[in-house]
2 protein chains.
Amino acid sequence: MQFRTRKVATIRDVAQLAGCGIASASRVLNRSGPVSAELRDKVMVAARDLGFEFSDVGRSLRSSRTRTVGCVVPSISNPVYSAAVQGIEDVSADHGLQLLLSSSGYDPDRELSAVRTLIAKRVDALILTVNDLHASPALDFVRSRDIPHCLLFNYDHGSPNACGVDNRAAAFEVGRMLAAYGHRHVGYIALRLTSSDRACQRLEGLEEACRNFGLAAPAILEIDERGEDLVGQLLAFLLQHPQTTGIFASNDQVAIEIMSILRKARVRVPTDISIVGFDGIDFGQMVEPTLATVVTNPYAMGRAAADMVLAQKSSDQPGCHTDVAGFVFRSGGSLGQAAAKTSLLEKLALPQQLSPPRNILQSTSEER
Amino acid sequence: MQFRTRKVATIRDVAQLAGCGIASASRVLNRSGPVSAELRDKVMVAARDLGFEFSDVGRSLRSSRTRTVGCVVPSISNPVYSAAVQGIEDVSADHGLQLLLSSSGYDPDRELSAVRTLIAKRVDALILTVNDLHASPALDFVRSRDIPHCLLFNYDHGSPNACGVDNRAAAFEVGRMLAAYGHRHVGYIALRLTSSDRACQRLEGLEEACRNFGLAAPAILEIDERGEDLVGQLLAFLLQHPQTTGIFASNDQVAIEIMSILRKARVRVPTDISIVGFDGIDFGQMVEPTLATVVTNPYAMGRAAADMVLAQKSSDQPGCHTDVAGFVFRSGGSLGQAAAKTSLLEKLALPQQLSPPRNILQSTSEER
DNA sequence: TCCTCTTATGGAAACGTTTCCATAACACAG
DNA sequence: CTGTGTTATGGAAACGTTTCCATAAGAGGA
């Protein structure tokens, strides 16, 4: 047995079997236009017997609409993006649209090629998260054609067609809270700091808060995407900046992993050091201590982005709107008063025997 | 300004601008067949000037291949499925295929309608996770047409074209380990026990282990998809089955949430009660105590499923193969010796003041 | 009886490709 | 000079729809 040995039935086959013209068959199957009762029956029977199913590719060619929305995100397995994709899919499905999904792996080249492919597939709308809003060939390409589109997670003041949180404002809030708890020396630990505009904006917000509230400029640790030897990097960083009493992690996964490492190193959170995350994933509420973080709602952002492109599509007008998503700072057990005199140094100076941890950041990369 | 005010250029436009026939333009742009150097240049210039991009819908119509693979999963935001989707996408992208993704929300009707739509879109292959392998209209529909396809996560002995772990065997192993640690009365806590074949199979495996190793039949708690009042349900369950010393949760998220609730109820894990999860998500390693669980590799399973359908596609033969994915039981701090005499009862009988927890299981459902 | 109006039906064009085939130009061997 | 290739090119069909238009049949009014 081979595939496609029996060609799939077309409307022409149905018409032939029913002994009528194609136009009539189409009218019956689409319930458009008048048909006699007997012809209707014959066509229905023929369609059933042949297992006829319309070909959307024929329809799309004719109608020049594919009923498809394209989406490019850096990673599907990252829970923040997958929640957003779920939001996009839910809204799309409600409107009878299918989701054509690509992941770019945080690579601008793959971003561009994904966008080209999606445009070649003639998606009706496009939602994308680019690495850097201000330097994205993919985004330029999209903008050069008049397709309903919307950025997701990429937000910048005054930038149109976007849907995301104000990372600077949110990170500023984090800095403000750290300051309120008496922290004077804070650190910022980020993944992909150089390439991701989100990680950058969060740093900028934190830095501004530090200036505003009289904190020292934050010490910065950019960790490896592969997550290799995060333990070593983290301990070295802390030894190098022993006055640090608070750490802002660029997202909750990093924050939780840091807490896990610190626990094994017998560093107490928040007594010895405070941790604040970003995103507000549910696991943050289930660890001990609970994670202080900025709570965002990626699912809602995905929905909003989908709503936005659908509005553009139906109004035939390129949206110039930016939907800035809300956020809430959620306090938690991981944020406490700054230690008057940090005892980190002594603790860390002791010889540690840490088992090499299985790193959450490897989860995607190690397997591909 | 309106969309589509300037129609997108077709190869006919390119040919016209270059002053040649369509066939020649096609030859140039596809590097197929012979063309003179000068004509090549003219065509290339015309294509660039017009911003020409091939339409895959025209191509698909002509070639009757869409270079697209369809995928239906219960939920995109569930980390297990999103990891698998990432695997599928990675493999597909390597082969120049795009991913058309739908989520069914664990609803057999939506499963079916998603599959119909994907088939109407003429996907070249189909990968799907159905709610119940043995009662799935969607699966029947797929099987009635000769399309390369593969089940993902749905596994049953002797069932063809599938890719998943042997849930019964894995759950049996969990039961074996619980028995080895001296547990005699265990509980099974599951989400969607009645509808999901995975949750059922895991129960069956556990039950068989209980029979085999002389344990009492497991007490069962099916928790609500909405996760409402999990605290109350859990505590009532434990009060009702006070001899229970070990709990097998149908997945790690449930397990971790249970651990979090127990911690707040001052029940010690594993001293008072042991917990075992399923899936092996990374967060299990970051909580305290670490979660004992069955480690699976959904990313690899996604890749395997994609490989399987691609093999069918290229060999033009419907695969009759089942790729049973491996699993590893990973011990962890949450699994310990059964308490000789459980002190659960006294603890739970005390009036508890638990803050109503934010439930991880709500994460998807509350927002849609 | 003839004309008009409605209802039912089918032919054919168009959507954007690819590819088969025919043609034209030209070189070269006989 | 004719016949035989080779190379470059374009016309046109086909893929599966939808829809415009024409036609045919019948009903009803003059």
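Just so it is clear, the model here is predicted, and its values are computed rather than measured. Just so it is clear: chains get the letters A, B, ... in the order the sequence lines come, proteins before strands, and each one is counted from 1.
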Trainee: Rounded to the nearest 0.5 Å, how far apart are CG of Leu112(A) and CZ of Arg116(A)?
Mentor: 5.5 Å
Trainee: Are OP1 or OP2 of dT18(D) and a side-chain N or O of Ser26(A) less than 4.0 angstrom apart?
Mentor: yes
Trainee: Near DNA chain D, which residues from residues 28-43 of chain A have a heavy atom under 4.0 Å away?
Mentor: Asn30(A)
Trainee: Using modelled atom types only, decide if a donor and an acceptor are shared between the side chain of Ser136(A) and the backbone of Leu133(A) within a distance under 3.5 Å.
Mentor: no
Trainee: Both Gly21(B) and Ser63(B) contact DNA chain D. Taking the nearest nucleotide for each, which residue is further toward the 5' end?
Mentor: Gly21(B)
Trainee: For the residue pair Ser102(B) and Glu89(A), establish whether any side-chain heavy-atom pair is separated by less than 4.5 Å.
Mentor: yes
Trainee: Hey, does the side chain of Arg59(B) come within less than 4.0 Å of dT18(C)'s phosphate (OP1/OP2), counting only N and O?
Mentor: yes
Trainee: Just how far is it from atom CE of Met301(A) to atom SG of Cys163(A), taken to the nearest 0.5 Å?
Mentor: 6.0 Å
Trainee: Nearest 0.5 Å, what's the CZ-CD1 distance between Phe52(A) and Ile11(A)?
Mentor: 5.0 Å
Trainee: Given dC15(D), dT18(D), dT9(D), which nucleotide is nearest the side-chain atoms of Leu61(B)?
Mentor: dC15(D)
Trainee: Establish, from distance only, whether the side-chain atoms of Asp197(B) and Tyr155(B) form a donor-acceptor pair under 3.5 Å.
Mentor: no
Trainee: Any idea which of dG16(C), dG10(D), dC20(D) is nearest the Arg27(A) side chain?
Mentor: dC20(D)
Trainee: Estimate the overall bend of the helix from dT1(C)-dA30(D) to dG30(C)-dC1(D) from the end axes over five pairs each, rounded to 10 degrees.
Mentor: 80°
Trainee: Testing the 3.5 Å rule here: is there a donor-acceptor pair between the side chains of Gln86(B) and Ser103(A)?
Mentor: yes
Trainee: Which one, dT17(D), dA14(D), dT19(D), comes nearest to the side chain of Ala23(A)?
Mentor: dT19(D)
Trainee: To the nearest 0.5 Å, how far apart are CG in Leu61(B) and CG in Asp56(A)?
Mentor: 12.0 Å
Trainee: Taking atom types as they are modelled, would you say the side chain of Arg62(A) forms a donor-acceptor pair with the base of dT17(D) within the 3.5 Å cutoff?
Mentor: no
